[in-house]
Asker: 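Structure below; questions to follow.
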Amino acid sequence: MQRGSSSVSWITILVIPIRIAALISLVQSELPTESFFTLFIEEQEEHKYVLPTYKVNGLWMREWWVQVGLLAVPLLAAYLHIPPPQLSPALHSWKSSGKFFTYKGLRIFYQDSVGVVGSPEIVVLLHGFPTSSYDWYKIWEGLTLRFHRVIALDFLGFGFSDKPRPHHYSIFEQASIVEALLRHLGLQSRRINLLSHDYGDTVAQELLYRFKQNRSGRLTIKSLCLSNGGIFPETHRPLLLQKLLKDGGMLSPILTRLMNFFVFSRGLTPVFGPYTRPSESELWDMWAGIRNNDGNLVIDSLLQYINQRKKFRRRWVGALASVSIPIHFIYGPLDPVNPYPEFLELYRKTLPRSTVSILDDHISHYPQLEDPMGFLNAYMGFINSF
């Protein structure tokens, strides 16, 4: 299958049963069908994909929506079961170089690279929504020059990890998966540097809360670096599509089924800066990760993390404010999801002991992808400061 095949517009497919429904009504009304075919051909030549209405013996076509619905169901079902796009060579290589471990019967994908020999330092990377551990590939090599172990995972429901449905996805479960991964690697007693982004920031906050409580079996966190995450619900501005999927009720499963590359790319591109937007091939890599294991069908369930942030704000913001470990924030200031200056002002007020790196004015929500060198330099400056 060609990589771009899943980008066929579902609107185009829905036009077909609309035409057929019109033909049925015309035939039932005994109007010569030649008039329909003339209209059909003319509209196809002009590429007018609009909702047609037809007048039959002086009356508008009645109950066409019933016929459209009946005819659209099998066609739409066939379209929505198109296989996911093929992996690019780079994404295939990323998957091939990774491994899987099992958490409560579910397969979790992770990367684990050995870097500097003799260094005791370990860094664990926590990715954002709706993408995957592949978000870190631009700074991966740079991290291996500083750390002995560089580890990243695809959270449950993301990337190459399993995406069960129905399933109650939660930040608590994702934090437990991180802990389980480090036990699997025999690193549960080691001091860990956490580097997180977006959704991963909230997972890091829960890990920090558990660390603060000194619970047995929890991570020992040496440092935490956050980046462009909505850690304060009051300054978080989710995208319209996120709001629709999060609170859509019975509409949400329909929207996830209708999501395709066109919808995804148009929705994600605005959170990048105007000069640092991903190429089409990069967007395809992101989309391929989402479509893997039918991940588009669990997006509405994953988005409940936004509601969880509100519900557990005191727990998670309190964890950041009360610990004594080094904390840093790398910020792309053009971020529409965590807008400047509201977010930064609240962050500095709430966490006065934390240091902050503000990247160039045109860097937005994905700083590690938009300005990998600036991001890496900011992180290394933080790590080398203690």
Side-chain angles (χ1 to χ4, degrees), residues 111 113-128 133-152 190-205 207-208 211 219-232 272-273 275-276 319-335 337-341 343-386:
Q111 286 279 357
S113 293
V114 176
V116 178
V117 177
S119 170
E121 298 282 359
I122 300 168
V123 62
V124 175
L125 314 178
L126 309 176
H127 69 80
S133 60
Y134 193 59
D135 289 350
W136 304 108
Y137 82 97
K138 289 187 178 182
I139 65 169
W140 193 266
E141 184 177 357
L143 292 172
T144 62
L145 299 177
R146 174 61 175 78
F147 294 92
H148 177 57
R149 298 281 286 275
V150 181
I151 300 164
R190 300 286 295 275
R191 299 179 72 200
I192 304 297
N193 298 284
L194 292 178
L195 174 57
S196 60
H197 170 244
D198 185 64
Y199 181 95
D201 284 0
T202 308
V203 178
Q205 287 175 268
L207 290 168
L208 197 63
F211 168 67
L219 298 189
T220 301
I221 301 174
K222 180 179 181 180
S223 72
L224 170 62
C225 181
L226 309 158
S227 59
N228 284 81
I231 59 178
F232 304 117
F272 286 79
Y275 311 114
T276 54
L320 287 173
S322 60
V323 296
S324 58
I325 66 168
I327 297 179
H328 190 67
F329 198 98
I330 301 177
Y331 185 49
L334 202 59
D335 187 358
V337 181
N338 303 287
Y340 179 88
F343 169 81
L344 195 57
E345 289 174 351
L346 182 57
Y347 183 87
R348 284 176 163 159
K349 179 181 178 181
T350 307
L351 304 171
R353 295 195 304 269
S354 173
T355 52
V356 177
S357 293
I358 304 176
L359 302 182
D360 290 344
D361 291 345
H362 64 275
I363 304 302
S364 187
H365 186 66
Y366 273 86
Q368 75 275 38
L369 291 175
E370 298 179 60
D371 184 13
M373 188 56 65
F375 187 97
L376 189 61
N377 287 339
Y379 184 58
M380 291 306 176
F382 164 62
I383 285 294
N384 294 328
S385 67
F386 58 89

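The figures that follow rest on heavy atoms only: side chains count, while hydrogens, waters and symmetry mates do not.
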Asker: Any idea how F382 and Y379 line up, ring-wise: parallel (<30°), tilted (30 to 60°), or perpendicular (>60°)?
Answerer: tilted
Asker: To check you understand the geometry: which heavy-atom pair defines the closest contact between A319 and L208, and what is its length?
Answerer: O-CD2, 3.7 Å
Asker: If you round to the nearest 0.5 Å, how far is SG of C225 from CE of M380?
Answerer: 10.5 Å
Asker: Look up atom OG in S223 and atom CD1 in I325, then write down how far apart they are to the nearest 0.5 Å.
Answerer: 6.5 Å
Asker: CD/Q111 to OH/Y137 distance, rounded to the nearest 0.5 angstrom?
Answerer: 14.0 Å
Asker: Can you measure from CG (N193) to CD1 (I151) and round to the nearest 0.5 angstrom?
Answerer: 11.0 Å
Asker: Side chains of P326 and R353: closer than 4.5 Å at any heavy-atom pair?
Answerer: no
Asker: Would you say the side chain of V150 lies within less than 4.5 Å of the side chain of V124, judging by non-hydrogen atoms?
Answerer: no
Asker: Given side chains that start at C-beta, do those of I330 and L359 come closer than 4.5 Å, heavy atoms only?
Answerer: yes
Asker: Got a sec, which residues hit side-chain hydrogen bond (donor to acceptor under 3.5 Å, both in side chains) with T144, two or more places apart in sequence or on another chain?
Answerer: none
Asker: May I ask you to decide if Y275's main-chain N or O and H362's side chain share a donor-acceptor pair within less than 3.5 Å?
Answerer: no
Asker: With sequence neighbours excluded, tell me which residues meet side chain to side chain contact (heavy atoms under 4.5 Å, CB included) with R191.
Answerer: T220, K222
Asker: When you compare the side chain of F329 with that of S357, does any pair of heavy atoms fall below 4.5 Å?
Answerer: no
Asker: Indicate the atoms forming the closest heavy-atom contact of I192 with I122, along with that distance.
Answerer: CD1-CG2, 3.8 Å
Asker: Do you know which two heavy atoms are closest between H127 and D135, and how far apart they sit?
Answerer: CB-OD2, 4.2 Å
Asker: The criterion is side-chain hydrogen bond (donor to acceptor under 3.5 Å, both in side chains); which residues satisfy it with S227, sequence neighbours excluded?
Answerer: none
Asker: Let me see the working for N338 and N228 under side chain to side chain donor-acceptor pair (under 3.5 Å), right down to the final yes or no.
Answerer: CA-CA 7 Å; N338 303 287; N228 284 81; over 6 Å; no
Asker: Check whether any side-chain heavy atom of Q205 lies under 4.5 Å from a side-chain heavy atom of L320, and answer yes or no.
Answerer: yes
Asker: Kindly give the heavy-atom pair with the smallest separation between A204 and L224, and that separation in Å.
Answerer: CB-CD1, 3.7 Å
Asker: Considering residues at least two apart in sequence or located in another chain, which fulfil the side-chain hydrogen bond (donor to acceptor under 3.5 Å, both in side chains) criterion with S322?
Answerer: K212
Asker: With heavy-atom distances below 4.5 Å as the criterion, would you say the side chains of F211 and L219 are in contact?
Answerer: no
Asker: What's the verdict on side chain to side chain contact (heavy atoms under 4.5 Å, CB included) for L207 and L126, showing C-alpha distance, side-chain angles and the deciding distance?
Answerer: CA-CA 11 Å; L207 290 168; L126 309 176; 4.2 Å; yes
Asker: Do you know the tightest heavy-atom contact between G229 and F343?
Answerer: O-CE1, 3.7 Å
Asker: Do D361 and I363 have side chains that get closer than 4.5 Å, going by heavy atoms?
Answerer: no
Asker: Under 6.0 Å between the ring centres of Y347 and Y331?
Answerer: no
Asker: Only distances under 3.5 Å count here; give the side-chain donor-acceptor pairs of residues 366-377 to other protein atoms, sequence neighbours excluded, each with its distance to 0.1 Å.
Answerer:
from	atom 1	to	atom 2	distance (Å)
Y366	OH	F129	O	3.3
Y366	OH	T131	OG1	3.0
Q368	NE2	H197	ND1	3.4
E370	OE1	G273	N	2.9
E370	OE1	T276	OG1	2.5
E370	OE1	S364	N	3.1
E370	OE2	S364	N	3.4
E370	OE2	H365	N	3.3
E370	OE2	Y366	N	2.9
D371	OD1	G374	N	3.1
N377	ND2	M373	O	3.3

Asker: Looking at OG1 of T202 and CD1 of I231, how far apart are the two atoms once the value is rounded to the nearest 0.5 Å?
Answerer: 8.0 Å
Asker: Using a 6.0 Å cut-off, check whether atom CZ of F232 has over 12 heavy atoms from anything other than its own residue.
Answerer: yes
Asker: Taking S354 for its side chain and I327 for its backbone only, find out whether a donor-acceptor pair lies under 3.5 Å.
Answerer: yes
Asker: Measure across L195 and W136 and return the closest heavy-atom pair with its distance rounded to 0.1 Å.
Answerer: O-CZ2, 3.9 Å
Asker: Filter on salt bridge (charged side-chain N to carboxylate O under 4.0 Å, His left out), then keep only pairs touching residues 141-150, sequence neighbours left out; what's left?
Answerer: D112-R149
Asker: Do the non-hydrogen side-chain atoms of L226 and H328 ever get within less than 4.5 Å of each other?
Answerer: no
